[in-house]
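Every value quoted in this text rests on a predicted model; they were computed, and no experiment measured them. Every number for a ligand or one of its atoms is a count from 1 in the order of the listing.
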Amino acid sequence: MMTVTLQEIHSQPMAWREALERTLSTPIPQRPLLETPFALFTGCGSTYYLSLAAASLFQALTHRPARGVPGSELVLNTDTVLNGAPTLLFAISRSGATDETLRAVERFRAMNQGPVWAITTRGDSPLASLADHTIVLEKGQEESVVQTRSFASMYVAAVALAVLAAGDKELAHAMWELPDLGAGLIEHVHPIAQALGADEEIQQFFFLGSGMLYGLASEASLKMKEMSLSHSEPFHFLEFRHGPMSMVDRTTLLVGLVSQRNSAHEQALLEEMRALGGRTFSLGEEGTDVSFHSGLPEVLQGVLYLPLLQLMAYYRAVSRGLDPDHPRHLSPVVKIESLV
Ligand code: F1P
């Protein structure tokens, strides 16, 4: 029987498509997107990592500063986050009900810093009622605790908003190719992810990604922890030489989310780690163990990395006798009543 998690991973391209429909072919307010000088993205756990990925992409595309922070930092360390500039806050939450994210939005509102936009799968959530504008992605909704389809679809929506904020019509047009590319890719990578996930020799994972891909490497690492209870950490590629490489041995798998712009540096790092006895697996547009060959501009490729990484964590869990639908200690929504 197919688990809920596996169904959700497999069905994600239709949720990507909905994310495009809700952003690119639905009228949305343009002024805050085009004019607010600073963009802040916030969320918790997976949606914090999404915030990191989205902020770096937003800044690269719009040439306006953007930052991603955990909701708890906006609440508890507000002065380290807000800089006084008029700000567009993107609050991202699958459930729209995580206390830290809700309190973050309230704190932001109290500081009168600017508009709040939400990206969520739940239009009836507390977050949606707090926000000035909400992108609702019903097809991203999930039964499982661990975010897979929801994450990818909310990420696609965030990329589309950055593309709109940059006013780049060509990129907006090119994004529509993603769902079909994703569907083909999922079929192609499934057996590869299954084999890697079932490989009992691997004891620890490092997910490497830089620039716009660091947030996605962090999310991949979280998937591996949550679903399979395996040791797993994310790093920027070149950071790995500055200490973490002391951990490398033959039980280590380094998974490289290789970029196009820095592929020579990133591949060289992976090669060095192989020389130290580690194992590596790379994915990217071309010249990697799994290559997308999407032909899309690099800024749009991020979501293509996700299915293989999600499937690898899933199959690692299954091969360890764990139930990916019911991860240990986790619940779909974290509530902290004492947070004000
Ligand atoms: C985020 C969250 C994550 C957690 C898990 C379930 O919720 O609670 O913190 O790691 O993956 O989701 P949300 O605010 O996006 O609903």
Side-chain angles (χ1 to χ4, degrees), residues 3-6 8-9 12 15 19 40-55 68-76 89-108 116-131 134-158 207 215-230 232-234 306 309-311 313-314 316-317 322-337 339:
T3 59
V4 169
T5 307
L6 192 57
E8 289 168 351
I9 294 173
Q12 61 185 295
L40 184 62
F41 292 79
T42 197
C44 297
S46 292
T47 39
Y48 161 52
Y49 296 134
L50 203 163
S51 298
L52 287 183
V69 294
S72 55
E73 288 295 276
L74 191 39
V75 180
L76 300 175
L89 177 67
F90 293 97
I92 307 172
S93 171
R94 173 179 66 178
S95 63
T98 297
D99 273 332
E100 286 138 281
T101 306
L102 296 175
R103 299 296 86 78
V105 170
E106 285 165 1
R107 176 60 57 91
F108 181 82
V116 177
W117 285 26
I119 304 176
T120 180
T121 69
R122 298 277 168 184
D124 55 355
S125 61
L127 179 63
S129 32
L130 276 178
T134 304
I135 310 286
V136 183
L137 307 172
E138 278 112 357
K139 294 197 169 127
Q141 284 175 8
E142 282 165 338
E143 267 180 60
S144 59
V145 172
V146 172
Q147 300 195 11
T148 54
R149 175 174 73 192
S150 62
F151 181 94
S153 62
M154 291 189 290
Y155 175 73
V156 169
F207 291 88
L216 302 185
S218 303
E219 165 64 4
S221 179
L222 182 70
K223 290 305 82 152
M224 191 52 85
K225 271 205 181 78
E226 288 181 325
M227 277 199 252
S228 81
L229 307 181
S230 303
S232 173
E233 292 177 66
L306 294 173
L309 302 171
Q310 295 165 345
L311 285 167
Y314 173 85
R316 172 93 176 167
L322 299 166
D323 178 358
D325 287 350
H326 299 101
R328 189 173 75 175
H329 303 325
L330 301 182
S331 57
V333 184
V334 174
K335 304 301 280 176
I336 311 180
E337 304 298 344
L339 200 68

Exercise for review: Using salt bridge (charged side-chain N to carboxylate O under 4.0 Å, His left out) as the criterion, list what pairs up with K225, not counting sequence neighbours.
Suggested key: none
Check your understanding: Partners of F151 by ring pair (Phe, Tyr, Trp, His ring centres under 6.0 Å), sequence neighbours excluded?
Key -> none
Practice item. Determine yes or no for a side-chain-to-main-chain donor-acceptor pair under 3.5 angstrom, with D325 supplying the side chain and T3 the backbone. Key: no
Review point. Stepwise, does the side-chain contact (heavy atoms from CB on, under 4.5 Å) test hold for L89 with L74?
Key: CA-CA 11 Å; L89 177 67; L74 191 39; 4.1 Å; yes
Study note, to complete from the structure: Exactly one candidate in R122, Q141, E142 meets side chain to side chain contact (heavy atoms under 4.5 Å, CB included) with R94; the answer is E142
Review point. Taking only residues two or more places apart in sequence, or in another chain, which ones meet L52 in a side-chain contact (heavy atoms from CB on, under 4.5 Å)?
Key: Y48, Y49, Y214
Point to revise | Amino acids contacting ligand 1, non-hydrogen cut-off under 4.0 Å | key: C44, G45, S46, T47, S93, R94, S95, T98, V145, Q147, E226, P332
